[in-house]
Amino acid sequence: MSIRLVVYIFTFVMIFITGIFVLLNNNKNRLNQTFFAFVMSVDLWVLSLIFADNSSSLEIVMFASRAAYVSAILMSLFNLYLSFIFPNKHFRIKKLALILISIPSILLIAFAGTSLVVQSVSIKDYGADVVTGPVYILFFIYLVIYLGMAMYNYTMSFRKSKGAVKLQVQFLLIGILISAVIAAITNLVLVVMGFSSLGYLGPPSLLLFIGLTAFAIVKHKLFDIRAVVARSVTYVLTIGVIAILYSLIAFQLTGRFVDSLSHGWRDAIYVVLTVILAFTFSPLRRFFERISNRIFYRDRYDSQELVNEIGRILASEIDLDKVSSRVLHELSKQIKIDKAEIIVFGENQLFYENNVFKNGGGQISPEELSKLGRIIVVRDDIQTSDKKELMQKYGISISLALRTSEKFIGYMLLGEKKSGDIYNDQDLAVLKIIANEVSVAMANALSYKEIQLFSETLAEKVRQRTAQLRHANDQLKELDKAKDEFISMASHQLRTPLTTVKGYASMLQEGDFGKLTKEQMKIVEQTLDGSNRMARLIDDLLNVSRMDANRFFLEGNQVDLNKLVPEELEQLKSFAESKKVELTYAAPKQKIPIIQIDENKTRQVVMNLVDNALHYSAPPAGGGHVKVSLVLNGDFVEFWVADDGIGVPAAVQKKLFTKMFRAPNAQGVRPDGTGLGLYLVKRVVEQQGGEIWFESKEGKGSTFGFKLPLSGIPKQVLEESKKIGAKVAASHAKSGT
Amino acid sequence: MSKVVLLVEDNDFIRNMYQLKLAKADFSVVEAVDGQMALDKIGEHKPDLVLLDLMMPNVNGIDVLKSLKKQNLVPGLPVIVLTNVMDPQTIEQAKELGARDYIVKTDLTPSQVVEKLQPFLK
């Protein structure tokens, strides 16, 4: 087992793994496919060298040597292909040209199978020694031209490209240069000069080129120099450990059992070992990667942690301001950047802006922002342009357009890393995720803000309308007050002549102006009734008007109901007679104590209820009987009026106490009723802490009753009444009443 | 000896009515047509009781009450307000100024008014 074989097998496996890795990384990509083809041709070359150098059969060595030349031709061809495609995804030449450049390769492959390239082989102690044929020179020229063309392409790519792409090409070029130099020296120059003993150094040198190119393809945005160093360290350590382990195990094994094992068994062990070691590559690499990360990235952030934290913030906040502030602070804290800014557009205008740690540069305008486009822009990735200048001017390294599937939201702008490092593709991947999440959150926050604004406008409108209503209400109150004052005045004016009518009529009745005839007496009584009724109507009108104007009030008088009720009935006696109604009164068995109520208004209540009963029970519509009674019942005094009149239709009973309401049958009997009486009665009774009720059957009669507490008008009502009274008086004082 | 009642009332027709009834009830009636006259007559005739209207030209009934209170005549002289003004505050004010009772004219007939006076003349 020679060192040469170990190196070859190792190289073969490593190249194979790299090829598969790149292909699996993105097997749809032309670049990856082309690279894979190239790598496989290299591996084929290595494989043929293994056989050429380790076989004792001349035929196998001859075949392997020729296979080596075939694979070298393929290598050159695929390398040229690669140079047309690297570092992009598409070939930069037409298909026809691709076919054309393939033709010389096919021809040469045909020659490679004959003795025109490999004339003869001999087995030396270092391996196969090849004697080249006459066409070998063509092969040589072919290699030089193809390699030259590929180099030209690479160089052009290098010249034209900028930023990270340039670095990609740079990696590849360095790989090519090193590999090409070593390969050229060992496999061409030395072979031509007659030495092929160092040829085995060619394949491993290619590993460098393949490794670097694979790296450039897969990690094409990883242009963070520290990352390169860190990765290099990782790989060197990994490979080193594997190499040492492999050598130790392999040599120990072969050293001990070299004699006891057959040649075939030994090879089998090597193959198994190689496979095992190949599989230990990945875990070892991870292990060293962790170590190198720890050394080179002390301030490295945990991307998962950052994404989680941002997610938490977005889930916990809905306010636009708070969301953006917290996101920006988190970003600048974790990635350690000198500037972070979120700009939100609404209706194509700059709607909202939030930033942290801004370091000069001024405010970027919406027009300038629109130049950045609605995509992700990384300053180092773009060529010199307006965008780049713009980003340099404002110290922006990355511009992330915020957008949801429905609409464009705005921008998240990030400054440079405080460490001076560039954003690597891991950063970008994380930032893309975050930008998407922030976009959705911003859209939500915007909607929320819109709703807030809407509700504010709504609240303002409600305020305005309320003010208008209040104003209108004030005006109405003013009107009510004016009306009340007018009615107050009118009622006073009406009472003056009424005083004389009532007064003189009563004196006529009392005989102050001589004895009257029966006929005269009757007329005087009716005059007196009429004037009393008019006085009550004026009172009703005044009271209802006061209720409307919220100026209704009660006085607290010491009232003896035992006297009050008969007095009122007395006034109605002649009216009852004229209506042919029998009016009876049942005095209380137990005397009613004197209670504090409003005397005048209670008189009105009694008067109204009895007057109603008289009207509606008068024949021929009614039965002509009204029974009034006063009863002491516990803490209350009860007043009852029962009649056998027209009654209240069941359908309208609920409305009976409504202002201005009049039952249809009542309207027939008494077309001139006001509909104010019962309304007032209920109000007065309830205000005094009492209760009113009635029972009625249409056509049969009604019974009305109310009760008042012996404790009199509730204190609260009295106090309230005093306040209202004072107000009324104040306004009367103003208007000069 | 009959009691002297000062009847203060600007409306002739009403004043005559009450005067008639009071005279029938054996009162000696002194009449006044406004507040100023009322005050003069109080000084002149020293009435036992005053029936006072409120709404009168020039010096009104409330002014009369104020003046009487000022002269400290109120405790010895019962003043009964006889008016058609029904505002609670006016009623309150009159009572505060010393009016013994407050009668709304249309509520009572003249004979009922005379009855009301009796308790104040004993």
Side-chain angles (χ1 to χ4, degrees), chain A residues 484-485 487-489 491-513 528 531-532 534-539 542-543 546 551-557 567 570-571 598-600 603-604 721-733 736-737, chain B residues 7-27 29 51 53-58 60-63 66 81-97 99-116 119:
Chain A
D484 179 57
E485 278 162 14
I487 288 177
S488 267
M489 188 51 72
S491 76
H492 180 263
Q493 299 285 349
L494 288 170
R495 273 196 191 95
T496 304
L498 193 61
T499 307
T500 54
V501 173
K502 183 178 174 171
Y504 281 111
S506 74
M507 285 165 74
L508 277 170
Q509 193 192 34
E510 286 160 13
D512 287 335
F513 301 105
L528 204 53
S531 61
N532 278 331
M534 187 164 176
R536 285 203 302 278
L537 279 173
I538 293 169
D539 282 348
L542 185 64
N543 282 326
R546 283 188 177 155
R551 300 166 134 210
F552 181 75
F553 56 89
L554 295 168
E555 275 180 75
N557 311 111
E567 274 171 18
E570 183 63 28
Q571 285 200 40
D598 188 308
E599 183 180 339
N600 281 326
R603 274 183 195 279
Q604 281 174 333
S721 279
K722 268 191 182 171
K723 278 185 206 161
I724 294 170
K727 258 193 228 163
V728 174
S731 72
H732 279 209
T737 307
Chain B
L7 177 62
V8 188
E9 170 65 60
D10 61 326
N11 184 309
D12 296 345
F13 200 31
I14 293 175
R15 195 176 61 250
N16 287 339
M17 182 176 79
Y18 288 120
Q19 190 271 329
L20 243 162
K21 202 70 195 179
L22 286 165
K24 283 230 167 194
D26 277 343
F27 288 108
V29 184
L51 270 175
D53 189 18
L54 291 184
M55 222 186 258
M56 291 181 295
N58 307 321
N60 66 29
I62 294 293
D63 297 331
K66 281 180 184 165
V81 171
L82 182 64
T83 181
N84 273 327
V85 175
M86 287 180 74
D87 296 315
Q89 186 62 21
T90 314
I91 296 169
E92 192 67 27
Q93 198 184 5
K95 284 187 175 170
E96 269 174 24
L97 288 169
R100 299 288 174 89
D101 206 348
Y102 195 101
I103 299 170
V104 175
K105 289 174 196 164
T106 50
D107 284 350
L108 301 179
T109 61
S111 45
Q112 285 170 327
V113 172
V114 171
E115 260 176 62
K116 277 254 181 187

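Chain letters run A, B, ... following the sequence lines, proteins first, then strands; residues in each count from 1. Remember, predicted model here, so these are calculated numbers, not experimental data.
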A/Thr499 and B/Asn84: side-chain donor and acceptor closer than 3.5 Å?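 Result is yes, a qualifying pair exists.
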
What part of [X] gets closer than 4.5 Å to chain A, counting heavy atoms only: side chain, backbone, both or neither?
X        : answer
B/Asn60  : neither
B/Ile91  : side chain
B/Asn11  : side chain
B/Val113 : neither
B/Lys24  : side chain

How long is the span from the CG atom in A/Leu537 to the OG atom in A/Ser491, to the nearest 0.5 Å?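 So the gap between those two atoms works out to 12.5 Å.
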
Would you mind reporting whether B/Tyr102 and B/Leu54 have side-chain heavy atoms less than 4.5 Å apart? yes

May I ask you to decide whether B/Glu9 forms a salt bridge with B/Lys105, counting only side-chain N to carboxylate O separations under 4.0 Å?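 A salt bridge is present here (some side-chain N lies under 4.0 Å from a carboxylate O).
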
Lys/Arg-Asp/Glu bridge criterion (N-O < 4.0 Å) met for B/Asp12, B/Arg15: yes

Please classify the contact of A/Ser721 with chain B as side chain, backbone, both or neither, using a heavy-atom distance under 4.5 Å.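 For A/Ser721, there is no contact with chain B at all, as no heavy atom is under 4.5 Å.
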
